[in-house]
Amino acid sequence: MLFKQQAQLRQKLLVLGSLAIGSVLYLVARVGTLERLQPVCHVEHRLVPGPEQIPLRSLQFKRALLHELRRGNGTKEQLGLQRLVQQLPQAIIIGVRKGGTRALLEMLNLHPAVVKASQEIHFFDNDKNYARGVEWYRSKMPLSFPHQITIEKSPAYFITDEVPERIFKMNSSIKLLIIVREPTTRAVSDYTQVLEGKERKNKTYYKFEKLAIDPSTFEVNTKYKAVRTSIYTKHLERWLKFFPVEQFHIVDGDRLITDPLSELTLVEHFLNLPPRISPFNLYFNATRGFYCLRFNIVFSKCLAGSKGRIHPEVDSSVLTKLQRFFHPFNQKFYQITGRTFTWP
Ligand code: A3P
């Protein structure tokens with residue numbers, strides 16, 4: 001009898017114990033979900049140490065005010081934004097064209113401590129702009145608070161000879177972001193963009209195969225710009241004459257398409273920013289076939305239709321030839337950067 005009562009008691013305790021553990025697990029999961037779904041910074045994290053630190057939550061709030069200012073819904077004074085400044089960029093996305101530079105810039109701009117220059121400024125690669133001086137460059141920068149980071153992107157920087165030295169002269173400790181894609185795909189994407197431009201002007205254009213392969217040797221045509229741009233290591237070597245490899249962060253453009261958050265978290269770390277871009281900020285849009293951006297519960301956007309074009313079909317033997325051609329350059333790129341890709 002006593003044994004039976006004890007066994008019943010043990011069973012009851014077991015059930016109660018499981019219920020308690022289940023509830024705790026449920027609550028942990030729920031809190032986790034809520035945390036991921038928070039539209040604004042719910043915990044006050046502080047930015048990189050500095051004399052005057054602003055909590056991220058207030059930066060988020062002030063960003064909203066900045067938006068109002070841009071829309072002409074008040075003056076700087078009315079909105080209490082007297083401390084706004086135009087800062088030179090502390091980080092630049094230097095390339096690579098068609099690597100996903102626009103997506104990277106827009107996605108980083110989701111971070112409350114990041115402000116993007118919307119247009120490509122082309123300061124360092126364009127002699128005429130460069131001659132206008134650094135204050136001209138600053139005047140092209142968006143308004144920001146002193147503790148925010150300004151970022152610009154001009155993919156032509158990566159492949160233009162004069163640029164590394166010019167950027168070095170402006171700020172030798174600047175952070176440099178390079179977003180790359182599998183080189184053959186990038187070359188086809190590059191071609192597709194030019195092709196679309198020609199078609200818009202009702203012009204005919206060569207097929208990719210004709211441009212990428214030298215008709216006299218049947219070898220890869222290294223004079224073709226779309227091919228040259230994809231030899232990442234050649235360009236990077238020029239940059240390394242001025243900047244140590246630690247000042248670069250390589251972003252995987254193919255992964256930014258399929259799993260943007262993991263790439264963005266790495267960039268946040270590289271920029272010394274607290275991780276603030278969350279799953280809430282990125283959602284997959286099946287119609288677009290890409291991730292789109294959610295800034296808050298009311299404002300979200302996808303990239304323009306010119307991002308994510310359908311590529312023309314290319315002869316598979318040409319693709320293979322290109323992949324073989326890029327292979328040794330890719331190996332060298334992995335070796336220099338310490339970031340390995342599964343490119344063929
Ligand atoms: P494709 O048009 O070849 O697909 P860039 O901004 O440097 O010109 O790069 C354009 C590329 O960004 C596009 O190349 C597209 O694949 C890629 N991309 C990455 N994330 C994207 C996103 N969320 N929306 C649209 N395009 C994105």
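Not measured: the values here are computed from a predicted model. Indexing begins at 1, ligand by ligand and atom by atom, following the structure's order. All heavy atoms count here, side chains included; hydrogens, waters and symmetry mates do not.
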Original post:
Does Thr340 have any side-chain hydrogen bond (donor to acceptor under 3.5 Å, both in side chains) partners at least two apart in sequence or in another chain, and if so, which?
Top reply: none
Subject >> Centroid-centroid under 6.0 Å between Tyr205 and Tyr191 rings >> reply: yes
Original post:
Any ion pair linking Lys241 and Glu165 (charged N to carboxylate O, less than 4.0 Å)?
Top reply: no
**OP:** Decide, yes or no, whether a salt bridge links Glu263 with Arg339 under the criterion of side-chain N to carboxylate O below 4.0 Å.
**Re:** yes
Between ligand 1 and the protein, which N/O pairs fall short of 3.5 Å?
| residue | atom | partner | partner atom | Å |
| --- | --- | --- | --- | --- |
| ligand 1 | 2 (O) | Gly308 | N | 2.9 |
| ligand 1 | 2 (O) | Arg309 | N | 2.9 |
| ligand 1 | 3 (O) | Arg181 | NH1 | 3.4 |
| ligand 1 | 3 (O) | Ser189 | OG | 2.6 |
| ligand 1 | 3 (O) | His311 | NE2 | 2.6 |
| ligand 1 | 6 (O) | Thr101 | N | 3.4 |
| ligand 1 | 6 (O) | Thr101 | OG1 | 3.4 |
| ligand 1 | 6 (O) | Arg102 | N | 3.0 |
| ligand 1 | 6 (O) | Lys307 | NZ | 3.1 |
| ligand 1 | 7 (O) | Lys98 | N | 3.1 |
| ligand 1 | 7 (O) | Gly99 | N | 3.4 |
| ligand 1 | 7 (O) | Gly100 | N | 3.1 |
| ligand 1 | 7 (O) | Thr101 | N | 2.8 |
| ligand 1 | 7 (O) | Thr101 | OG1 | 2.6 |
| ligand 1 | 8 (O) | Lys98 | NZ | 2.9 |
| ligand 1 | 8 (O) | Lys307 | NZ | 2.9 |
| ligand 1 | 9 (O) | Gly100 | N | 3.0 |
| ligand 1 | 14 (O) | Arg181 | NH1 | 3.0 |
| ligand 1 | 23 (N) | Tyr291 | O | 2.9 |

Original post:
Would you say the side-chain atoms of Tyr157 and Glu152 include a donor-acceptor pair closer than 3.5 Å?
Top reply: yes
Original post:
What class does the angle between the rings of Phe341 and Tyr334 fall in, given that below 30° is parallel, 30 to 60° is tilted and above 60° is perpendicular?
Top reply: tilted
